[in-house]
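Heads up, the thing below is written out as structure tokens.
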Amino acid sequence: MALWRGADITLSLLFPPFPDAAGTVRPALPPLDPVRARAFAEQLSTVEEVLEELPASSVWDIPSPEVRADLDLIAVGCWGGLVQIFDPALGSDLLSDAMSNEIAELRARHPQARLVGSVSLDYGNSYLEHEVVLPTGEHLFAGGWDCDGDEGWVYRGDPDEVLRAMGADRETAAEAGFEPDGEPCEREYGALGTVALGLHRPGEGFEARRVSVFRVRRTSRGCFNLREVWFGR
């Protein structure tokens with residue numbers, strides 16, 4: 001079965017020490033840790049079992065799923081304190097809370113980490129969702145359709161509180177692409193996640209990141225998530 005919609009779905013964790021949000025370029029990221037990447041893959045609520053490890057890929061070459069079998073491929077990058085998970089079963093659309101549910105489980109397992117979820121799903125119009133959770137308790141969520149303006153969007157949390165907790169100011173957020181005084185639906189909330197991860201000031205080797213790629217058997221939750229988001233319309 002061919003899939004017609006595109007997607008960009010990423011769940012990230014950043015472990016301390018955290019970068020200075022307003023500081024200089026980050027240190028170089030270490031190489032991919034494939035053993036740790038597999039461990040993170042096996043812990044996901046969407047994954048029953050890792051069936052096969054495929055050749056590692058550039059983080060920039062992770063393809064959007066095109067056929068049904070592609071929905072059982074996930075990619076995980078572990079580079080020191082930064083972990084990024086690319087799993088189509090974490091897509092959500094206000095009717096499905098797949099990303100938020102996974103973030104809640106990872107927060108319980110890794111309370112010291114910053115967590116950032118980002119979802120972009122193309123249904124002709126795009127559904128966009130961004131979530132930032134800090135170990136100090138600040139929590140930001142913004143989700144909605146790019147065609148709706150503010151109508152139909154859901155917002156939780158205060159961006160200024162999140163920035164203060166990260167030690168970032170409004171100018172730093174604006175440089176990353178977040179417009180503090182813009183209309184809520186035009187603020188580019190994904191930029192706050194970029195600041196939380198320190199990726200607005202990437203270090204040496206950032207462009208060369210590699211990810212582990214796995215073919216997995218899905219849990220019942222993972223199958224439900226895929227059915228609701230990819231086949232539910």
Take L44 and I74, measure what side-chain contact (heavy atoms from CB on, under 4.5 Å) needs, and give me the verdict at the end. CA-CA 11 Å; L44 292 172; I74 69 171; 4.0 Å; yes

Within the structure provided, determine whether F141 and V154 are in side-chain contact (heavy-atom separation under 4.5 Å). yes

Is there a side-chain contact between L51 and V216, using heavy atoms and a 4.5 Å cut-off? no

Any donor-acceptor pair under 3.5 Å linking the side chain of D61 with the backbone of S57? no

Please tabulate, for the side chains in residues 127-135, all donor-acceptor contacts under 3.5 angstrom to protein atoms that are two or more places apart in sequence or on a different chain.
{"from": "Y127", "atom 1": "OH", "to": "L94", "atom 2": "N", "distance (Å)": "3.4"}
{"from": "Y127", "atom 1": "OH", "to": "E129", "atom 2": "OE1", "distance (Å)": "2.6"}
{"from": "E129", "atom 1": "OE1", "to": "S92", "atom 2": "OG", "distance (Å)": "3.1"}
{"from": "E129", "atom 1": "OE2", "to": "S92", "atom 2": "OG", "distance (Å)": "2.9"}
{"from": "E131", "atom 1": "OE1", "to": "S100", "atom 2": "OG", "distance (Å)": "2.7"}
{"from": "E131", "atom 1": "OE2", "to": "H139", "atom 2": "NE2", "distance (Å)": "2.6"}

Expected output: side-chain S120 to main-chain D8 donor-acceptor under 3.5 Å: no

Search all heavy atoms of P19 against all heavy atoms of G198 and return the closest pair with its distance. CG-CA, 3.8 Å

Inspect the contact between D72 and R218 and indicate whether a charged nitrogen and a carboxylate oxygen are less than 4.0 angstrom apart. yes

E188 to G177 - nearest heavy-atom pair and separation: CB-O, 3.4 Å

Value for CD1 (I85) from OG (S12), rounded to nearest 0.5 Å, stands at 8.0 Å

What are the two closest non-hydrogen atoms of G80 and P30, and how far apart are they? N-CG, 3.3 Å

Are L71 and F224 linked, directly or through other ILVMFWY residues, by side chains that come within less than 4.5 angstrom of each other? no

Those residues that, when tested against E105, pass side chain to side chain donor-acceptor pair (under 3.5 Å) (two or more places apart): R221

Apply salt bridge (charged side-chain N to carboxylate O under 4.0 Å, His left out) to the pair R217 and E49, showing each step before the final yes or no. CA-CA 5 Å; R217 177 181 294 117; E49 180 185 2; 2.2 Å; yes

Do Q84 and L199 touch side chain to side chain, with heavy atoms closer than 4.5 Å? yes

Within one Ile-Leu-Val-Met-Phe-Trp-Tyr cluster: W153 and L192, side-chain cutoff 4.5 Å: yes

Please round to the nearest 0.5 Å and tell me the distance separating atom CZ of R114 and atom CG of L14. 6.5 Å

Are Q43 and R109 close enough that some pair of their side-chain heavy atoms sits under 4.5 Å apart? yes

With a 4.5 Å heavy-atom cut-off, do F214 and L73 have their side chains touching? no

Please identify each residue that fulfils side chain to side chain contact (heavy atoms under 4.5 Å, CB included) with A75, with sequence neighbours left out. I62, F86, V211, V213

Stepwise side-chain contact (heavy atoms from CB on, under 4.5 Å) check, N225 with T46: CA-CA 8 Å; N225 292 349; T46 58; 3.9 Å; yes

Rounded to the nearest 0.5 Å, how far does CG of D169 lie from CG of L163? 8.0 Å

Closest heavy-atom pair and its distance - G157, P159: O-CD, 3.8 Å

Do the side chain of W230 and the main chain of A89 share a donor and acceptor less than 3.5 angstrom apart? no

Salt-bridged, R215 to E52, with N to O below 4.0 Å? yes

Between V119 and L90, is any pair of side-chain heavy atoms under 4.5 Å apart? no

Return the CD to OG1 distance between E175 and T194, rounded to the nearest 0.5 Å. 13.0 Å

Residues in salt bridge (Lys or Arg N to Asp or Glu O under 4.0 Å) with D33, at least two apart? none

List the steps and the verdict of side-chain contact (heavy atoms from CB on, under 4.5 Å) for L121 and V229. CA-CA 9 Å; L121 286 172; V229 170; 3.3 Å; yes

From SG (C78) to CZ (R38), nearest 0.5 Å: 13.0 Å

What heavy-atom pair brings G91 and I9 nearest, and what distance separates the two atoms? CA-CD1, 3.6 Å

Sequence-distant partners of R170, salt bridge (Lys or Arg N to Asp or Glu O under 4.0 Å), two or more places apart: D160, D181

Would you say the side chains of E102 and S45 form a donor-acceptor pair under 3.5 Å? yes

With a 4.5 Å heavy-atom cut-off, do L11 and M99 have their side chains touching? yes

If only atom types and distance count, is the side chain of W79 paired as donor or acceptor with the main-chain N or O of R210 below 3.5 Å? yes

List the atom of V76, the atom of A41, and the distance in Å for their closest heavy-atom pair. CG2-CB, 4.1 Å

Let me confirm one number: the CG-CG distance from L82 to L197, rounded to the nearest 0.5 Å. 6.0 Å

Would you say that R36 contacts V83 through its side chain, given a criterion of any heavy-atom pair below 4.5 Å between the two side chains? yes

Using ring-ring contact (aromatic ring centres under 6.0 Å, His included) as the criterion, list what pairs up with F15, not counting sequence neighbours. H110

Cation over ring face, R209 and W60, 6.0 Å, 45°: yes

Just checking Y189 against F178, ring centres under 6.0 Å apart? yes

